[in-house]
Number of protein chains: 2
Amino acid sequence: MPHPAEPPPRGDARAEQRRRTEARILAAASDQFVEAGYERTTIRAIAQAAGVDAGLVMHYFGSKLALFEQVTKGGQLPPAPTGPPGQVAEQILAQLAGSLTTEPVRSLAMLRSMLTHPETTQAFREGTQRFRAQLAAAIPAPDADTRAALISALIMGVVMDRHLLKSGGLDTADPDQIIALLRPVLRTLTTADPPPDPA
Amino acid sequence: MPHPAEPPPRGDARAEQRRRTEARILAAASDQFVEAGYERTTIRAIAQAAGVDAGLVMHYFGSKLALFEQVTKGGQLPPAPTGPPGQVAEQILAQLAGSLTTEPVRSLAMLRSMLTHPETTQAFREGTQRFRAQLAAAIPAPDADTRAALISALIMGVVMDRHLLKSGGLDTADPDQIIALLRPVLRTLTTADPPPDPA
DNA sequence: TTGTTCAATCAACGGGTGTTGAACGGAGGG
DNA sequence: CCCTCCGTTCAACACCCGTTGATTGAACAA
């Protein structure tokens, strides 16, 4: 191989055309996986939505599973909930508020497909485990792990209810109202309990 | 038709054999739907697990979808959370405690399959809507609907995390510990907030 | 006994799937 | 100009699916 001067050698119409086509396929695949899940999404449907032939999808991405992994790679789950103990709840709430208005596409695709496609489960678990570990580290309580797991489950349930289940009751609710109701809940879960209740 | 003395005319070996076979198919189908979801569950696999031919499954239940509906029918979602406002939280906790130890098979089958199979979505929505409506009626607050929806999402997330996702962090946790952590959360959500916090 | 009913099996069809390999056609380099 | 590369298409393969119809054989009725 003679020294390749520039990796993207400016003005290569073919390379750029390919990049665009790949991006179009990737976007179409993302939509389909989110809307229909892994099993019901067909490579032919992706190809049609991208305006190409099904064989081309295979030629570029190798297999349906590889394409799926490419789609779900990169974005992953919400960022790190690090910070002083008192601020953890607010950070989670801010993150959740974003997920209520904007669909977290990759998370939804992984979540939905994970429930159907076993090969995906491992990747999803690793993502949530990292999230929970960081979260648990920020909670000053002996049962921090369980608290973090509950918060993770709570977030998962809420996002699923709003974006996947739909008409589950949360899709029409005001995000601010949801956040306001969840604030005391998250404060309770992220801080050790005072006296339970002197009733 | 000559008056049929008894509908189950005692000692009909064929009828009882059929009932047993149907029950076996139903149980096998339930397992498969929960473990693999609707799409990945094949009639052939159900038949094999039940020790019969695939055609027999069709002959008894008509179609795969009809079989699935039969499996998910009946048990539905947790019973009514009615009662005095103060007791609602404890009732939910008791119900949830049961769902943590024993798998709510039908709910899981519906939940998992709903995420893949659109025809199932409606049935699941109706189930959760009834649950939420009854729950909202027991919550003395102006935003009772949103509160009920959040509780529903919370339960869904927890049950999913424990039984479907597995190793999501809640599968190894002690049920009593989970319930204890959730108690203040549900009390907060089922009762109108006192002063937010005078810090 | 004879005839009927019905649980259960078997082989097959039609369709949809992921995947493959050959073929086309225009852009790039000699 | 020709030759090669490469994005792209096309037709087909092999497989598995849900579903069906004919068929078998044992339990019931007469």
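Hydrogens, waters and symmetry mates are skipped; everything else that's a heavy atom, side chains included, is used. Order of the sequence lines sets the chain letters (A, B, ...), proteins ahead of strands, with each chain counted from 1. Because the structure is predicted, anything quoted here is derived from the model rather than measured.
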**OP:** Output every pair passing salt bridge (charged side-chain N to carboxylate O under 4.0 Å, His left out) with a member in residues 41-55 of chain A, not counting sequence neighbours, ordered by first then second residue.
**Re:** none
**OP:** Answer with base, sugar-phosphate or nothing: what part of the nucleic acid does B:H59 contact at a heavy-atom distance below 4.0 Å?
**Re:** nothing
Original post:
Within this structure, what is the CG-to-P distance between B:L56 and D:dG21, rounded to whole angstrom?
Top reply: 16 Å
**OP:** Mind calculating the distance between CZ (A:R18) and P (D:dC6) to the nearest angstrom?
**Re:** 10 Å
Subject >> Spacing of B:R24 atom CZ relative to C:dA8 atom C1', expressed in whole Å >> reply: 11 Å
Original post:
Rounded to whole angstroms, how far apart are CZ on B:F61 and C1' on D:dG18?
Top reply: 16 Å
Original post:
Does NZ or CZ of A:K64 come closer than 6.0 Å to the centre of the six-membered ring of A:Y38, within 45° of the ring's axis?
Top reply: yes
Original post:
With respect to the side chain of A:I43, which nucleotide from D:dT9, C:dA8, C:dG18 is positioned closest?
Top reply: C:dG18
**OP:** Return no unless some side-chain N or O of B:T21 is found under 4.0 Å from OP1 or OP2 of C:dA8.
**Re:** yes
Original post:
What nucleotide among C:dA7, D:dC28, C:dG26 has an atom nearest to a side-chain atom of B:A13?
Top reply: D:dC28
Original post:
Where the side chain of B:D53 is defined as all heavy atoms beyond and including C-beta, which of C:dC10, C:dT19, C:dA27 is the nearest nucleotide?
Top reply: C:dC10
Original post:
Short question: side chain of A:R183, backbone of A:I178 - any donor-acceptor pair under 3.5 Å?
Top reply: no
**OP:** Return the value, rounded to whole Å, for the distance between atom CD of B:E39 and atom P of C:dG16.
**Re:** 15 Å
**OP:** Let me know the distance between CE of A:M58 and C1' of C:dA22, rounded to the nearest Å.
**Re:** 16 Å
Subject >> B:Q48, CD atom: more than 12 neighbouring heavy atoms under 6.0 Å >> reply: no
Original post:
Checking salt bridge (charged side-chain N to carboxylate O under 4.0 Å, His left out) for the pair A:E126/A:R130: CA distance, chi angles, key distance, verdict?
Top reply: CA-CA 6 Å; A:E126 288 172 3; A:R130 270 216 327 276; over 6 Å; no
Original post:
Is A:R44 side chain donor-acceptor paired with the C:dG18 base, going by distance under 3.5 Å alone?
Top reply: yes
Original post:
Can you check whether A:Q17 has a side-chain N or O nearer than 4.0 Å to OP1 or OP2 of D:dT8?
Top reply: yes
Original post:
Tell me: CZ of A:R14 to C1' of C:dA27, nearest whole Å?
Top reply: 5 Å
Subject >> B:T42, nearest nucleotide to its side chain (from D:dT19, C:dG26, D:dC17) >> reply: D:dC17
Subject >> B:K64 NZ - D:dC16 P separation (whole Å) >> reply: 15 Å
